[in-house]
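Below is one structure, written out as structure tokens; comments come after it.
Computed over heavy atoms, backbone and side chain alike; hydrogens, waters and symmetry mates excluded. Note that the numbering runs from 1 along the sequence shown for the chain.
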Amino acid sequence: MRHQQILDKLAARGIVQAMNEDVARWTSEQMSYRGRSHTEVQKTVIPPLLTRWRCLLDAADATAAAKDVGWVALATLLHKYGFHDSAITARALTSIDELNHHVVLSDAFERQSPAIRALLRSAPTPLTRRPRNPRTVTFLRPGDVVSIQLANRFHAAFVHGLHGANEFPVIEFYAGSFTQPPTMAQLAGRPAARAGARARFGVVGLTYLPDPAHQVVALASQHSKAPPGGDPQAGGGLWSLTDIIALPMTTAALFDGDRE
């Protein structure tokens, strides 16, 4: 049994593709730091990845089957890239039972479940070289307004433009955070976050809309007005480069104490 065989049997190409891109890109990033042991890399890879994908795995509006598929995909991809997390693996094994009990996937998945379990329980082989970064292409467009879930809060962002050949969007956050995705009425006239500070980010991995991870939700398209007051100041740079996986950490100070 190979990892790709398991992933193919999940019949969830969108989730698998997006998750694989996240794991490969973030693993490559963390392995680029010299002197890090495999254990240290694992500690920097798994928690932020799980934070992003918990937006699907804990989503109230996601089906139980989608969540079960997500757990199996996550455990499989982590194993593929040389990582193991006992809690994620245990949840994936339970999800295999649930998928089979409710006859969600094919007969082949059920027949090969013992082999799938054996692979997920086995010790993964640590990578000896950085995985190849997938080519980044975003489906967001200038004028899009999106809600992004960060640390159990929701933040609105306006897409100013695209970097390179549609590689990733450059976004600007509105001020405030919300307990659920905000409405456009709530954003009317709302200034940029920390007006005058750097609230603009080029976000690698902010790719899909709809987002298979459920972290990013579309609020509007072809919106003509950016949040006012956020023009970069002299010497501050136009925007900061980050990754969708790192975004909760990158923006923590931006929204510190800024809640509604």
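Within the 4.5 Å cutoff, side-chain heavy atoms of T76 are placed close to those of L120. In this structure, Q215 and L150 have side chains that are in contact, with non-hydrogen atoms separated by less than 4.5 Å. Contact annotation: the side chain of Q17 never approaches that of P212 to less than 4.5 Å [non-hydrogen atoms, C-beta and beyond]. Using a 4.5 Å heavy-atom threshold, the side chains of L247 and L206 count as separate. Taking 4.5 Å as the limit, some side-chain heavy atom of F109 sits within range of a side-chain heavy atom of N100. Residues F154 and V217 fail the side-chain proximity criterion, which asks for heavy atoms closer than 4.5 Å. No side-chain heavy atom of V203 sits less than 4.5 Å from a side-chain heavy atom of T138.
Here the two rings, on H163 and W239, have centers that are under 6.0 Å apart.
A ring pair (Phe, Tyr, Trp, His ring centres under 6.0 Å) check over residues 60-99, counting only residues at least two apart or in different chains, returns the pairs H3-H79, H38-F83. The list of salt bridge (charged side-chain N to carboxylate O under 4.0 Å, His left out) pairs with a residue in residues 7-24, not counting sequence neighbours, reads D22-R25, D22-R52. The salt bridge (charged side-chain N to carboxylate O under 4.0 Å, His left out) contacts involving residues 59-84 comprise D68-R91, where partners must be two or more places apart or lie in separate chains. The list of salt bridge (charged side-chain N to carboxylate O under 4.0 Å, His left out) pairs with a residue in residues 132-143, not counting sequence neighbours, is empty.
Between atom CD1 of residue I15 and atom CG of residue L74 there is a gap of 11.5 Å, rounded to the nearest 0.5 Å. Atom NE2 of H101 and atom OG1 of T94 lie 13.5 Å apart (nearest 0.5 Å).
Distance alone, capped at 3.5 Å, places no donor-acceptor pair between the T89 side chain and the S86 backbone.
Atom CZ of R2 sits in a sparse spot, with 12 or fewer heavy atoms from other residues, nucleotides or ligands closer than 6.0 Å.
Summarising the geometry of A199 relative to A193, their closest heavy-atom pair is CB-O, 3.3 Å, with the distance given to 0.1 Å.
Within the hydrophobic cluster formed by Ile, Leu, Val, Met, Phe, Trp and Tyr side chains joined at under 4.5 Å, directly or through other members, Y208 is accompanied by F139.
Judged as a salt bridge (Lys or Arg N to Asp or Glu O under 4.0 Å), and not counting sequence neighbours, the contacts of R117 are D97.
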